[in-house]
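Hydrogens, waters and symmetry mates are skipped; everything else that's a heavy atom, side chains included, is used.
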Amino acid sequence: MPRSKIKTFVLDTNVLLHSAASIGCFQDNDVVIPMAVVEELDKFKKNSDELGRNSRRVIRLLDRLRELDPRPGALTRGAEIGRIAPGATGRLFVLSVSSLTGDSDDAVDGVFENELGLSSPDNRILRVACALKDAGRRVMFISKDINLRIKADALGLDVMDFETQKVHDRELYTGFVRRMLPADRLSALYDARELPASAAPELLTNEFAVFVSEADEKKTALARRRPDGSVALVENRDNVWNLSPRNKEQRMALDLLLDPAIPLVTLVGGAGTGKTLLALAAALQSTLNDGRYERILVSRPIIPLGNDIGFLPGSKESKLASWMQPIFDNLEFLLGGETDRGKRSSSRITVDSLVNSRKLDLEALTYIRGRSISRQFIIIDEAQNLTPHEVKTIISRCGDGSKIVLTGDPDQIDNPYLDAFGNGLTYTVDRLKGEAIFGHVMLHKSERSGLAALAARKL
């Protein structure tokens with residue numbers, strides 16, 4: 001590519017901390033890492049969380065690139081990214097403000113001198129981007145920090161979020177469609193319990209269809225496309241560990257959750273739609289009643305993301321107690337009606353008995369990393385707060401005979417560097433839809449209470 005058409009991407013620290021592989025994501029364009037970014041990476045390198053791992057990986061990549069080009073100052077002059085990132089043909093620079101020459105914009109100089117200053121690493125990063133633009137480069141500033149993107153735009157820079165691993169289709173895959181069907185075909189579906197693939201050729205594997213009779217819209221059938229291509233009627237499941245589905249979406253979810261041939265299921269929905277409750281009910285049914293799995297493993301990402309539970313006082317159990325309270329609440333609902341005991345027993349006692357019998361593990365994601373988990377029903381709640389790389393790491397922990405369920409609401413994200421289209425849950429749904437071992441349902445209707453439904457809809 002002619003040098004005149006090459007863009008210069010200036011990366012903020014949070015882009016590298018989000019994905020160490022971002023260095024090689026800009027094809028034949030140049031990548032600039034300001035010196036202030038290297039300084040900030042150094043502050044994270046001792047962390048034991050995802051930020052620390054990405055920081056160390058980026059530092060190693062930069063050091064490897066330096067070793068492969070032994071010329072003094074090679075990173076200042078630009079080293080070939082392809083040496084550490086196959087497929088990338090651009091150059092990588094590590095630059096400071098003082099290393100850049102050329103005429104500067106007096107107006108921009110005035111902004112930094114009178115308003116922003118250079119004591120902040122963020123401002124020094126912006127100053128490098130502005131200096132490159134003043135030198136005639138086609139600069140694009142990349143940051144996951146919204147406020148920094150605003151400041152960069154105000155300084156006249158082209159800005160954007162790090163788009164790799166983001167879902168670009170703003171309509172997230174729902175896992176089901178509504179289709180009209182002739183009355184005779186609908187009757188045939190009920191009689192034969194399945195239809196050939198030609199009944200709904202556009203359906204993806206494990207996608208559901210709500211078939212509606214063309215003669216009478218009150219007559220419907222719920223079916224799912226199987227891996228062999230057939231469209232099979234979904235069986236009614238009226239009692240799954242004292243839980244009965246209240247709408248079609250919950251029926252779809254239970255059909256996926258109780259199918260041992262689908263080891264990965266994602267459930268997306270707002271507050272009160274039943275994501276966690278359905279997953280726990282299916283886990284109890286499959287593990288305790290059906291004996292398909294040896295135990296249930298439940299975990300949630302620590303909020304704020306990246307803090308280890310070791311920073312909290314007390315033992316591991318006491319740390320987990322308040323953090324896992326939403327899980328206890330759901331277990332109380334499910335286990336409280338197990339028998340006619342009159343007075344409902346405390347779910348905490350029931351959970352203790354399950355834990356003591358090693359049928360239930362409540363674990364921090366910190367301790368899941370590095371394990372190989374076989375014959376377990378794994379539930380990862382609040383998965384929208386995980387990055388795509390973290391979700392990949394967790395799913396890859398699954399061994400033979402395990403099933404993993406990711407639940408979450410992309411509209412309720414606590415990670416400041418994730419959004420509804422760039423989190424690990426959404427990314428997983430988009431990349432795996434149509435795979436034979438994956439199933440997904442988006443739940444819309446809140447069934448918790450009338451008040452919860454109103455709040456979800458109006459507030």
**Student:** Under the rule for ring pair (Phe, Tyr, Trp, His ring centres under 6.0 Å), what residues qualify as partners of F44, not counting sequence neighbours?
**Tutor:** none
**Student:** Could you check whether R137 makes a cation-pi contact with F93, meaning its NZ or CZ is under 6.0 Å from the centre of the six-membered ring and within 45° of the ring axis?
**Tutor:** yes
**Student:** So which atom in V37 and which in D12 form the shortest heavy-atom distance, rounded to 0.1 Å?
**Tutor:** CG2-C, 4.2 Å
**Student:** Using the side chain to side chain contact (heavy atoms under 4.5 Å, CB included) rule, take R127 and N123 through it: C-alpha gap first, then chi angles, then the decisive distance, then the call.
**Tutor:** CA-CA 6 Å; R127 193 67 189 89; N123 293 342; over 6 Å; no
**Student:** Can D42 and K45 be counted as an ion pair, charged N to O under 4.0 angstrom?
**Tutor:** yes
**Student:** Using every non-hydrogen atom in the two residues, find where G24 and I81 come nearest and quote the distance to one decimal.
**Tutor:** CA-CG2, 4.3 Å
**Student:** Would one find more than 12 heavy atoms of other residues, nucleotides or ligands at under 6.0 Å from atom CD of E80?
**Tutor:** no
**Student:** Check this for me: does any side-chain nitrogen of one of R53 and E50 sit under 4.0 Å from a carboxylate oxygen of the other?
**Tutor:** yes
**Student:** Checking D228 now: which residues fulfil side-chain hydrogen bond (donor to acceptor under 3.5 Å, both in side chains) with it, not counting sequence neighbours?
**Tutor:** S230
**Student:** Starting at CG of L132, measure out to OG1 of T8 and round the result to the nearest 0.5 Å.
**Tutor:** 6.0 Å
**Student:** Any ion pair linking E382 and R300 (charged N to carboxylate O, less than 4.0 Å)?
**Tutor:** yes
**Student:** Does atom CZ of R292 have more than 12 heavy-atom neighbours from other groups under 6.0 Å away?
**Tutor:** yes
**Student:** Roughly how far, to the nearest 0.5 Å, is the CD1 atom of I395 from the CG atom of L386?
**Tutor:** 9.5 Å
**Student:** List the atom of A152, the atom of L126, and the distance in Å for their closest heavy-atom pair.
**Tutor:** CB-CD2, 3.6 Å
**Student:** Dump the intermediate steps for side chain to side chain donor-acceptor pair (under 3.5 Å) on T276 and N330, then the final yes or no.
**Tutor:** CA-CA 7 Å; T276 307; N330 283 289; 4.9 Å; no
**Student:** Quick one: which residue pairs count as a salt bridge (charged side-chain N to carboxylate O under 4.0 Å, His left out) with a foot in residues 415-429, not counting sequence neighbours?
**Tutor:** K166-D419
**Student:** Looking only at non-hydrogen atoms, find the nearest pair between D30 and I6 and report the distance.
**Tutor:** N-CG2, 3.8 Å
**Student:** To the nearest 0.5 Å, tell me how far R237 CZ sits from L254 CG.
**Tutor:** 7.5 Å
**Student:** Could you check whether any side-chain N or O of S357 sits under 3.5 Å from a backbone N or O of L354, counting only pairs where one atom can act as donor and the other as acceptor?
**Tutor:** yes
**Student:** Between the side chain of K133 and the main-chain N/O of G156, is any donor-acceptor distance below 3.5 Å?
**Tutor:** yes
**Student:** For the pair R225 (side chain) and F208 (backbone), establish whether a donor and an acceptor sit closer than 3.5 Å, ignoring hydrogens and angles.
**Tutor:** no
**Student:** Calculate, to the nearest 0.5 Å, the distance between atoms CZ and CD belonging to F176 and E207 respectively.
**Tutor:** 9.5 Å
**Student:** Quick check: does any side chain N or O of Q285 sit under 3.5 Å from a backbone N or O of A282, one acting as donor and the other as acceptor?
**Tutor:** no
**Student:** Flag yes if more than 12 heavy atoms outside R431 fall under 6.0 Å of its CZ atom; otherwise flag no.
**Tutor:** no
**Student:** What are the two closest heavy atoms between A281 and L243, and how far apart are they?
**Tutor:** CB-CD2, 3.7 Å
**Student:** Please tabulate, for the side chains in residues 255-272, all donor-acceptor contacts under 3.5 angstrom to protein atoms that are two or more places apart in sequence or on a different chain.
**Tutor:**
residue, atom, partner, partner atom, Å
D255, OD2, R224, NE, 2.7
D255, OD2, R224, NH2, 3.0
D259, OD1, A261, N, 2.9
D259, OD2, R224, NH2, 3.0
T266, OG1, H440, ND1, 2.8

**Student:** Any side-chain heavy-atom pair from L331 and L360 closer than 4.5 angstrom?
**Tutor:** yes
**Student:** Partners of R57 by side-chain hydrogen bond (donor to acceptor under 3.5 Å, both in side chains), sequence neighbours excluded?
**Tutor:** none
**Student:** Output the distance between atom CG (L278) and atom CZ (R251), rounded to the nearest 0.5 Å.
**Tutor:** 13.0 Å
**Student:** Between the side chain of N29 and the main-chain N/O of K7, is any donor-acceptor distance below 3.5 Å?
**Tutor:** yes
**Student:** If the condition is ring pair (Phe, Tyr, Trp, His ring centres under 6.0 Å), which residues does F141 pass it with, not counting sequence neighbours?
**Tutor:** none
**Student:** List for me each residue that meets salt bridge (charged side-chain N to carboxylate O under 4.0 Å, His left out) alongside K392, sequence neighbours excluded, and say none if there are none.
**Tutor:** none
**Student:** Is it true that T426 and N423 share a donor-acceptor pair across their side chains at a distance under 3.5 Å?
**Tutor:** yes
**Student:** One thing to verify: whether R66 and D69 come together as a salt bridge, which I'm taking to mean a side-chain N less than 4.0 angstrom from a carboxylate O.
**Tutor:** no
**Student:** Please enumerate all residues that pass side-chain hydrogen bond (donor to acceptor under 3.5 Å, both in side chains) together with E202, with sequence neighbours excluded.
**Tutor:** R179
**Student:** Go through it in stages, so that I can follow the logic: the residues are F438 and N206, the test is side chain to side chain contact (heavy atoms under 4.5 Å, CB included), and I'd like the CA-CA distance, side-chain angles, deciding distance and then a yes or no.
**Tutor:** CA-CA 7 Å; F438 171 73; N206 291 326; 5.6 Å; no
**Student:** Who are the side-chain hydrogen bond (donor to acceptor under 3.5 Å, both in side chains) partners of R178, not counting sequence neighbours?
**Tutor:** none
**Student:** Looking at C398, is its backbone amide N or carbonyl O close enough to the side chain of S402 to form a donor-acceptor pair, meaning the two atoms are under 3.5 Å apart?
**Tutor:** no
**Student:** Which residue pairs pass the ring-ring contact (aromatic ring centres under 6.0 Å, His included) test when at least one of the two sits in residues 245-298, sequence neighbours left out?
**Tutor:** Y293-F377
**Student:** I'd like to check the side-chain contact (heavy atoms from CB on, under 4.5 Å) partners of K144; sequence neighbours left out, ordered by chain and number.
**Tutor:** N14, V15, H18, D161, F162, Y417
**Student:** Could you check whether atom CG of L68 has more than 12 heavy atoms from other residues, nucleotides or ligands sitting under 6.0 Å from it?
**Tutor:** yes
**Student:** Donor-acceptor check, side chain of S22 to backbone of S19, threshold 3.5 angstrom: yes or no?
**Tutor:** yes
**Student:** Which residues satisfy the side-chain contact (heavy atoms from CB on, under 4.5 Å) test with D411, sequence neighbours excluded?
**Tutor:** D409, A420
**Student:** Carefully, step by step, assess T407 and D381 under the rule side chain to side chain donor-acceptor pair (under 3.5 Å).
**Tutor:** CA-CA 5 Å; T407 71; D381 200 23; 2.5 Å; yes
**Student:** Flag the pair R124 and E39 as a salt bridge only when some basic side-chain nitrogen lies within less than 4.0 angstrom of an acidic carboxylate oxygen.
**Tutor:** yes
**Student:** Counting heavy atoms not belonging to R375, are there more than 12 under 6.0 Å from its CZ?
**Tutor:** yes
**Student:** Tell me, with the steps shown, if I59 and S55 meet side chain to side chain contact (heavy atoms under 4.5 Å, CB included).
**Tutor:** CA-CA 6 Å; I59 292 171; S55 175; 3.9 Å; yes
**Student:** Mind running side chain to side chain contact (heavy atoms under 4.5 Å, CB included) on I125 and E40 for me, showing each step along the way?
**Tutor:** CA-CA 11 Å; I125 294 169; E40 287 198 302; 3.9 Å; yes
**Student:** Where do K46 and R56 come nearest, in terms of heavy atoms and distance?
**Tutor:** C-NH1, 4.1 Å
**Student:** Rounded to the nearest 0.5 Å, how far apart are CG of L443 and CG of N247?
**Tutor:** 7.0 Å
**Student:** Is there a donor-acceptor contact under 3.5 Å from the side chain of Q376 to the main chain of I373?
**Tutor:** no
